[in-house]
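Below is one structure; the comments refer to it alone.
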Amino acid sequence: MLDRYLADIERVLRETGVVQSFAAARHIPVPGEEEIPALIATAVVQIAVADADALAKAFATPGVEEVVGHWQAQHPYKVGWANHPALV
């Protein structure tokens with residue numbers, strides 16, 4: 001199911017025409033991490049866009065909200081965003 005969700009997110013983000021790259025990976029559990037009072041992701045998605053305007057367009061597309069809403073209705077989960085300049 002997670003792979004299907006990630007594929008749906010990739011599709012809708014790429015359809016915006018502003019995403020330069022998309023990558024997704026499953027979280028690698030580490031013993032003891034459940035003791036950390038923080039968000040521990042099931043998966044991480046990284047997209048690259050040209051600038052802040054492109055980022056705004058990617059997140060404003062109705063398709064993103066529809067995909068997230070569809071999957072949250074079936075499997076309650078939370079989404080966390082971290083918008084930042086390229087790390088590498």
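The figures here come from the full heavy-atom set of this structure, side chains too, leaving out hydrogens, waters and symmetry mates.
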| said: With a 3.5 Å distance limit and no angle check, can you tell me whether T61 reaches the backbone of A58 through a side-chain donor-acceptor pair? | reply: no
| How many angstroms lie between OG in S21 and CZ in R14, if you round to the nearest 0.5 Å? | 7.0 Å
| note | Output for pair (L6 CG, F22 CZ), nearest 0.5 Å, gives 6.0 Å
| task | Apply side chain to side chain contact (heavy atoms under 4.5 Å, CB included) to the pair E10 and V45, showing each step before the final yes or no. | result | CA-CA 9 Å; E10 179 176 11; V45 171; over 6 Å; no
| said: Using a 6.0 Å cut-off, check whether atom CD of E33 has over 12 heavy atoms from anything other than its own residue. | reply: yes
| message | Taking D8 first and then R4, would you say they form a salt bridge - that is, a charged N and a carboxylate O separated by under 4.0 Å? | response | yes
Side-chain polar contacts of residues 72-86 - donor-acceptor pairs under 3.5 angstrom, sequence neighbours left out - could you list them?
from, atom 1, to, atom 2, distance (Å)
Q72, NE2, Y77, O, 2.9
Q74, NE2, H70, NE2, 2.8
Y77, OH, Y5, OH, 3.2
Y77, OH, V68, O, 3.4

| remark: Tightest non-hydrogen contact, residues A54 and A50, listed as CB-N, 4.1 Å
| query | Do V49 and K57 pass the side chain to side chain contact (heavy atoms under 4.5 Å, CB included) test, and can you show the C-alpha distance, the side-chain angles, and the key distance before you say yes or no? | reply | CA-CA 10 Å; V49 295; K57 182 177 180 182; over 6 Å; no
| task | Look at the side-chain heavy atoms of Ile, Leu, Val, Met, Phe, Trp and Tyr, link any pair under 4.5 Å apart, and say whether I9 and V44 land in one connected group. | result | no
